[in-house]
Amino acid sequence: MIYIINGPNLNLLGTREPEIYGELSFENYLESLRMEFPDLELRYRQSNVEGEIVNFIQEAGSCATGIVLNAAAYSHTSIAIADAVKAIAVPTIEVHISNIYAREAFRQHSHISAVAAGVIAGLGLESYALAIEFLNRNHHQS
């Protein structure tokens with residue numbers, strides 16, 4: 001089982017700044033991910049609340065084989081989320097829909113990157129599929 005955990009404002013995908021984030025809602029994209037990976041259980045969580053994201057990471061740490069984490073703005077501010085990722089044994093891939101390194105300076109640093117197994121940024125929603133593919137392949141090789 002792979003957890004997909006999205007942070008603040010990602011519930012607004014499809015309507016929020018479509019020139020940056022696209023016009024597809026995450027729920028619609030999730031359906032296409034489930035079709036692309038029919039043999040995987042994908043468990044989706046989203047919250048605008050930092051502590052809930054920490055809880056989701058801890059929950060995943062007890063049952064998942066991997067986490068795809070887009071902590072959104074919390075990537076740049078939350079030591080608590082980074083500590084949660086560091087505290088569990090489950091590999092976490094940090095994803096960003098936009099290229100955070102081509103955006104405002106405050107978005108160019110992530111507390112999560114240093115504790116994640118890897119980072120995928122700037123490839124749109126496809127970042128999630130790439131992360132799932134990596135986690136699935138890595139899990140089956142171990």
Side-chain angles (χ1 to χ4, degrees), residues 1-78 80-86 88-142:
M1 173 190 340
I2 293 176
Y3 268 60
I4 300 169
I5 302 172
N6 275 345
N9 298 310
L10 290 170
N11 56 308
L12 299 177
L13 284 178
T15 59
R16 174 190 177 212
E17 299 178 274
E19 67 282 1
I20 295 174
Y21 300 107
E23 296 181 358
L24 187 63
S25 73
F26 195 82
E27 288 73 15
N28 288 338
Y29 180 63
L30 181 60
E31 288 308 311
S32 68
L33 283 175
R34 288 186 167 132
M35 289 171 39
E36 186 174 348
F37 300 98
D39 297 332
L40 278 178
E41 181 182 348
L42 300 177
R43 189 167 289 176
Y44 177 57
R45 303 282 190 262
Q46 187 278 328
S47 181
N48 296 318
V49 179
E50 183 179 24
E52 288 182 2
I53 295 168
V54 169
N55 289 340
F56 296 154
I57 292 166
Q58 290 177 3
E59 174 185 309
S62 67
C63 63
T65 57
I67 298 172
V68 178
L69 174 62
N70 185 343
Y74 286 137
S75 304
H76 319 296
T77 63
S78 180
I81 291 173
D83 283 349
V85 170
K86 188 176 179 180
I88 62 169
V90 174
T92 300
I93 305 296
E94 177 185 14
V95 300
H96 295 281
I97 296 167
S98 68
N99 180 355
I100 62 174
Y101 303 103
R103 296 189 63 192
E104 303 94 335
F106 70 89
R107 294 186 196 275
Q108 295 177 14
H109 175 267
S110 167
H111 292 287
I112 297 165
S113 297
V115 296
V119 179
I120 301 171
L123 301 179
L125 289 173
E126 186 67 16
S127 300
Y128 291 87
L130 294 169
I132 291 166
E133 183 178 322
F134 173 82
L135 289 167
N136 188 42
R137 186 174 48 243
N138 189 39
H139 172 70
H140 284 97
Q141 288 179 352
S142 51

Student: Counting C-beta onward and ignoring hydrogens, is there a side-chain heavy-atom pair between Ile53 and Tyr74 closer than 4.5 Å?
Tutor: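 A side-chain contact exists here, since the closest heavy-atom pair is under 4.5 Å.
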Student: Once you round to the nearest 0.5 Å, how far does CG of Asn136 lie from OG1 of Thr65?
Tutor: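 Here the rounded value is 7.5 Å.
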Student: Does Tyr3 reach the side chain of Leu69, with side-chain heavy atoms less than 4.5 Å apart?
Tutor: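 They are not in side-chain contact.
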Student: Could you list the residues that satisfy salt bridge (Lys or Arg N to Asp or Glu O under 4.0 Å) with Glu59, not counting sequence neighbours?
Tutor: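 Glu59: salt bridge (Lys or Arg N to Asp or Glu O under 4.0 Å) contacts with Arg45.
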Student: First locate atom OG1 of Thr77, then atom CD1 of Ile112, and finally report the distance between them rounded to the nearest 0.5 Å.
Tutor: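 Spacing of OG1 (Thr77) from CD1 (Ile112) equals 8.5 Å.
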Student: Taking the side chain as every heavy atom from C-beta outward, state whether Tyr29 and Leu13 have any pair of such atoms under 4.5 Å apart.
Tutor: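 Result no, sub-4.5 Å side-chain heavy-atom pair not found.
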Student: Would you check if the side chain of Ser78 reaches a backbone N or O of Ser75 as a donor-acceptor pair within less than 3.5 Å?
Tutor: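 Side chain of Ser78 to backbone of Ser75, a donor-acceptor pair under 3.5 Å: no, none is there.
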Student: Tell me whether Gln46 contacts the main-chain N or O of Gly7 through its side chain, where contact means a donor paired with an acceptor under 3.5 Å.
Tutor: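 Yes, the answer is positive, given that a donor and an acceptor are paired below the 3.5 Å cut-off.
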Student: Could you tell me whether a side-chain N or O of His76 sits under 3.5 Å from a main-chain N or O of His109, the two making a donor and an acceptor?
Tutor: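 Here the side-chain-to-backbone pair exists.
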Student: Glu126: what forms a salt bridge (Lys or Arg N to Asp or Glu O under 4.0 Å) with it, not counting sequence neighbours?
Tutor: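 None.
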Student: Nearest 0.5 Å, what's the CG-CG distance between Leu123 and Leu130?
Tutor: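 Interatomic distance, Leu123 CG to Leu130 CG, rounded to 0.5 Å: 6.0 Å.
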Student: Determine the minimum heavy-atom distance between His96 and Ala72, stating which atoms define it.
Tutor: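 Minimum heavy-atom separation between His96 and Ala72: CE1-O, 4.4 Å.
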Student: What closest approach, in Å, do Ile120 and Ala131 show between heavy atoms, and which atom pair accounts for it?
Tutor: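 Taking Ile120 first and Ala131 second, the nearest heavy atoms are CD1-N, 3.6 Å.
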Student: Give me each pair satisfying ring pair (Phe, Tyr, Trp, His ring centres under 6.0 Å) with a member in residues 45-70, each pair once, sequence neighbours excluded.
Tutor: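 Sorted result for residues 45-70: empty, none.
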Student: Quick check: do Leu40 and Leu33 have side-chain heavy atoms less than 4.5 Å from each other?
Tutor: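 Leu40 vs Leu33: side chains apart.
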Student: Do you see a donor-acceptor pair shorter than 3.5 Å between the side chains of Glu50 and Asn48?
Tutor: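 The answer is no; no qualifying pair exists.
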Student: On a heavy-atom basis, which atom in Ala64 and which in Val90 lie closest, and how many Å separate them?
Tutor: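 Closest approach of Ala64 to Val90: O-CG2, 3.5 Å.
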Student: Say you draw a straight line from CE of Met1 to CD1 of Ile67; how long is it, rounded to the nearest 0.5 Å?
Tutor: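 Atom-to-atom, Met1:CE and Ile67:CD1 are 11.0 Å apart.
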Student: Just wondering, do Leu30 and Tyr128 contact through their side chains at under 4.5 Å, heavy atoms?
Tutor: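 Result no, sub-4.5 Å side-chain heavy-atom pair not found.
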Student: Quick check for you: to the nearest 0.5 Å, what is the distance between His111 atom NE2 and Lys86 atom NZ?
Tutor: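 One gets 13.5 Å once the value is rounded to the nearest 0.5 Å.
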Student: Would you check if Val54 and Ile81 make a side-chain contact, meaning some heavy-atom pair closer than 4.5 Å?
Tutor: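 Sidechains of Ile81 and Val54: in contact.
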Student: Atom CD1 in Ile5, atom CD1 in Ile57: separation rounded to 0.5 Å?
Tutor: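 These two atoms lie 5.0 Å from each other.
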